[in-house]
Chemist: 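What follows is a single structure, and I will ask about it in a moment.
Note on naming: letters A, B, ... go to the chains in the order of the sequence lines (proteins, then strands), and numbering restarts at 1 for each one. Only heavy atoms go into these numbers, but all of them, side chains included; no hydrogens, no water, no symmetry mates.
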Amino acid sequence: MSLKLYNSLSSKKEIFKSISDKIVKTYGCGPTVYNDPHIGNFRTFVFYDLLNRVLQLNGYETETAVNITDIDDKIIDRVNQENSSLKEITSKYELSFMELSKSLKILPNNHNPRATEYVEEMIEFIQALIDQNLAYEMNGNIFFDIEAYPKYGKFINIKDDLEAEDNELLKRNRNDFTLWKAKKDSDGNIFWESEWGKGRPGWHTECAVMIKMLFDGRLDIHCGGVDLKFPHHENESAQIEALQKHNLSNYWLHAEHLNIDDEKMSKSSGNFIDVNNLIKENGSDVVRLFLLSAHYRTKVSFSQKKLDECKKMIEKINRFAKNFKFVNQSIELKFSYDHNLFIDALNDDLNTPEAIGVFFSFISEMNKKIAKNSINKLDEEKSLVFLKLFNSIFDILDSHNLQDHKIPKNIQNLLISRQKARENQDWKLSDSIRDKILSLGWHVEDTSSGQKPSKKN
RNA sequence: GGCGUCGUACCCAAGUGGUUUAAGGGACCGGUUUGCAAAACCGUUAUUCGUCGGUUCGAAUCCGACCGACGCCUCCA
């Protein structure tokens with residue numbers, strides 16, 4: 001099955017066609033680095049990673065960008081509150097974002113452009129819009145004139161008229177948006193010089209110009225959270241498409257929100273869960289699986305219970321994986337029927353819940369064979385391939401399973417003593433050694449073929 | 001107010017016109033196995049998909065109304 005993606009432009013699933021045969025270019029709106037991200041932010045970032053991995057699974061090479069918004073009102077507020085500098089604040093939270101991304105197994109992006117590194121280009125871009133009569137100046141602010149761009153409204157129907165109460169900034173139209181913000185007193189020393197005076201670029205312009213510079217204004221896929229669909233993506237595409245003859249992006253993908261108590265998680269509402277703590281308490285693999293266990297276009301409610309369930313799922317997969325020896329790291333990935341069901345699910349608009357279902361059905365089928373001792377060489381190969389395939393997308397398997405892990409000497413010795421106790425039917429001693437081994441971080445299971453040690457996750 | 005999304009078992013969550021008289025995970029109960037435990041296996045848990053109508057040979061899937069939840073329209077992943 002070819003890859004299908006739900007395109008917000010048509011509100012339909014469409015067969016994905018890349019601009020170039022080999023390489024797919026994607027851009028996702030990244031974090032504003034003024035404080036620690038919450039788990040809802042990372043639902044979207046993990047979704048970008050999912051898309052990236054599924055594209056690669058389909059044989060595409062990808063060129064990805066996730067931007068760092070490092071100029072913004074909230075950042076300036078923070079700088080003022082903490083009597084700090086812009087760079088100090090933004091580099092601190094950018095680092096935190098990068099570390100959390102790594103911890104959640106998000107593959108590195110080809111580009112992580114910072115808005116501050118493109119201000120010159122943004123000024124030139126805004127000037128080009130003014131030259132084309134697509135933007136106008138008002139008290140040192142520059143606004144995009146939506147009346148001058150008839151195609152405005154790809155994501156929303158605009159009917160609103162200009163109303164006095166919405167118009168403190170003297171915009172011509174209520175939906176005209178800021179390209180350049182005139183410096184305010186509270187901005188302190190955070191400003192850039194331009195022909196229109198001191199100020200800084202608006203958010204929508206930041207993304208537009210970074211895409212212009214990195215990708216020549218032409219993307220295969222643009223992603224973001226649903227809340228960015230309007231006005232951010234509308235405005236971003238309007239200004240860039242007004243200046244160029246082609247689309248900014250052929251596909252627009254939007255990830256739904258992570259809710260808490262049935263409401264959108266947000267920093268401004270104060271109802272958010274810190275990712276860092278969540279990872280510390282549950283492990284990054286559990287958090288990652290939780291984020292991938294619902295389809296990206298459905299609302300998800302946060303709950304600890306779900307995380308606990310994900311933990312059990314991972315344990316189940318790891319137990320299954322322990323049946324096989326991953327000695328030969330370079331096994332060839334030859335896909336058979338079951339594998340293709342899994343790939344088809346992912347290719348159907350990244351249907352991770354279905355893909356997980358396919359994988360668990362397979363595990364169940366193999367476990368039956370293992371229980372009956374009727375598993376053959378082919379089954380083992382299929383299992384190894386499936387584990388690798390699954391992990392190439394979900395990336396949550398215990399790394400101990402993917403290599404022939406060594407049992408430490410002290411554990412080995414305890415196992416030998418326990419084996420002797422068992423031969424003597426000294427269950428009391430046997431159980432106490434089991435407890436001892438457990439306290440050292442290892443499980444022991446007694447199977448028909450003897451003791452089976454495994455590292456505690 | 002305008003625009004939009006969603007409502008599937010005890011919980012989570014796929015399926016969006018016929019091979020589904022509804023995947024998968026968690027939970028519960030009973031059984032096999034086991035010195036015990038754990039795991040694994042077997043069996044049980046929705047004749048039903050928010051409600052009521054309609055279209056159709058056939059609907060959880062399409063249409064309408066209603067009820068309920070949420071999102072965007074203002075910073076926001």
Chemist: Any idea how A/His204 and A/Phe177 line up, ring-wise: parallel (<30°), tilted (30 to 60°), or perpendicular (>60°)?
Modeler: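 If you compare the ring of A/His204 with that of A/Phe177, the planes turn out perpendicular.
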Chemist: Is there a donor N/O on one and an acceptor N/O on the other, under 3.5 Å, for the side chain of A/Arg434 and the base of B/C36?
Modeler: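 Looking at the base of B/C36, it does pair with a donor or acceptor on the side chain of A/Arg434 (distance under 3.5 Å).
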Chemist: Whole angstroms only, please: what is the NE2-C1' distance between A/His295 and B/C12?
Modeler: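 To the nearest whole Å, that distance equals 16 Å.
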Chemist: Look at A/Arg319 and B/A40 and indicate whether a side-chain polar atom (N or O) is within less than 4.0 Å of OP1 or OP2.
Modeler: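 For B/A40, OP1 or OP2 has a side-chain N or O of A/Arg319 closer than 4.0 Å.
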Chemist: Before giving the answer on side chain to side chain donor-acceptor pair (under 3.5 Å), spell out for A/His339 and A/Ser336 the whole-Å C-alpha distance, their side-chain angles and the decisive distance to 0.1 Å.
Modeler: CA-CA 5 Å; A/His339 307 119; A/Ser336 59; 3.1 Å; yes
Chemist: Once you round it to whole Å, what is the distance between C1' of B/A38 and NE2 of A/His443?
Modeler: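 Spelled out: NE2 on A/His443 to C1' on B/A38 is 9 Å.
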Chemist: Please tell me which of the listed nucleotides, B/A77, B/C36, B/A14, lies nearest to the side chain of A/Thr44?
Modeler: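 So the side chain of A/Thr44 is nearest to B/A77.
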Chemist: In whole Å, measure the gap between the P atoms of B/A22 and B/U47 for me.
Modeler: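 Their P atoms lie roughly 10 Å apart.
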Chemist: Counting just side-chain N and O atoms, does A/Asn351 come under 4.0 Å of either OP1 or OP2 of B/G15?
Modeler: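 So the side-chain polar atoms of A/Asn351 do come within 4.0 Å of the phosphate oxygens OP1 or OP2 of B/G15, strictly under.
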Chemist: Check the distance between B/A77's P and A/His233's NE2 and give it to me in whole angstrom.
Modeler: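 That distance rounds to 10 Å.
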Chemist: Is there a Watson-Crick or G-U wobble partner for B/G24 with both distances under 3.5 Å, and which nucleotide is it?
Modeler: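 Pairing partner: B/C12.
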Chemist: Determine, stepwise, if the pair A/Glu365 / A/Ser361 fulfils side chain to side chain donor-acceptor pair (under 3.5 Å).
Modeler: CA-CA 6 Å; A/Glu365 195 192 320; A/Ser361 297; over 6 Å; no
Chemist: Who is the Watson-Crick or G-U wobble partner of B/G30, with both distances under 3.5 Å?
Modeler: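 Across any shown strand, B/G30 pairs with B/C42.
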Chemist: A/Lys311 NZ to B/C11 C1': how many Å, rounded?
Modeler: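 The answer, rounded to whole Å, is 19 Å.
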Chemist: Is A/Lys264 close enough to B/C72 that one of its side-chain N or O atoms is under 4.0 Å from OP1 or OP2 there?
Modeler: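 So the side-chain polar atoms of A/Lys264 do come within 4.0 Å of the phosphate oxygens OP1 or OP2 of B/C72, strictly under.
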Chemist: With nearest nucleotides of RNA chain B determined for A/Tyr296 and A/Met265 from heavy-atom distances, which residue corresponds to the more 5′ nucleotide?
Modeler: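 Whichever sits nearer the 5' end wins; that is A/Tyr296.
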Chemist: Tell me which nucleotide, if any, is Watson-Crick or G-U wobble paired with B/G1 when both distances must be under 3.5 Å.
Modeler: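 Check on B/G1: paired to B/C73, both distances under 3.5 Å.
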Chemist: Should the side chain of A/Lys299 and the base of B/C6 be counted as holding a donor-acceptor pair, with the cut-off at 3.5 Å?
Modeler: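 For A/Lys299, whose side chain was compared with the base of B/C6, there is no donor-acceptor pair (under 3.5 Å).
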Chemist: Within the structure, does a side-chain N or O atom of A/Lys312 lie under 4.0 Å from either OP1 or OP2 of B/A27?
Modeler: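 Yes, such a contact exists.
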Chemist: Rounded to whole Å, please give me the gap between CG in A/Asn323 and P in B/C41.
Modeler: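 Rounding to the nearest Å, CG of A/Asn323 and P of B/C41 are 10 Å apart.
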Chemist: Rounded to whole angstrom units, what separation is found between the CG atom of A/Asp349 and the C1' atom of B/A14?
Modeler: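 Going from A/Asp349 (CG) to B/A14 (C1'), I get 13 Å.
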Chemist: Whether A/Arg288 engages the ring of A/Phe394 as a cation-pi pair (distance to the six-membered ring centre under 6.0 angstrom, angle to the ring normal within 45°) should be assessed.
Modeler: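 Because its charged atom misses either the 6.0 Å distance or the 45° angle limit, A/Arg288 does not stack over A/Phe394.
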Chemist: Any chance the side chains of A/Glu14 and A/Asn7 put a donor and an acceptor closer than 3.5 Å?
Modeler: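 Distance-only check passes for A/Glu14 and A/Asn7.
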Chemist: Check the distance between B/G71's P and A/Asp262's CG and give it to me in whole angstrom.
Modeler: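 In whole Å, B/G71 P lies 9 Å from A/Asp262 CG.
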Chemist: Is there aromatic stacking of A/Trp427 on B/G35 here, judged by a ring-centre distance under 5.5 Å and a plane angle under 30°?
Modeler: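 It does: the two rings, one from A/Trp427 and one from B/G35, meet the stacking criterion.
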Chemist: Grab the CG-C1' distance between A/Asp227 and B/A77 for me, whole Å please.
Modeler: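 From A/Asp227 CG to B/A77 C1': 5 Å.
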Chemist: B/A37 pairs with which nucleotide, Watson-Crick or G-U wobble, both distances below 3.5 Å?
Modeler: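 Matched B/A37 with nothing under the 3.5 Å cut-off.
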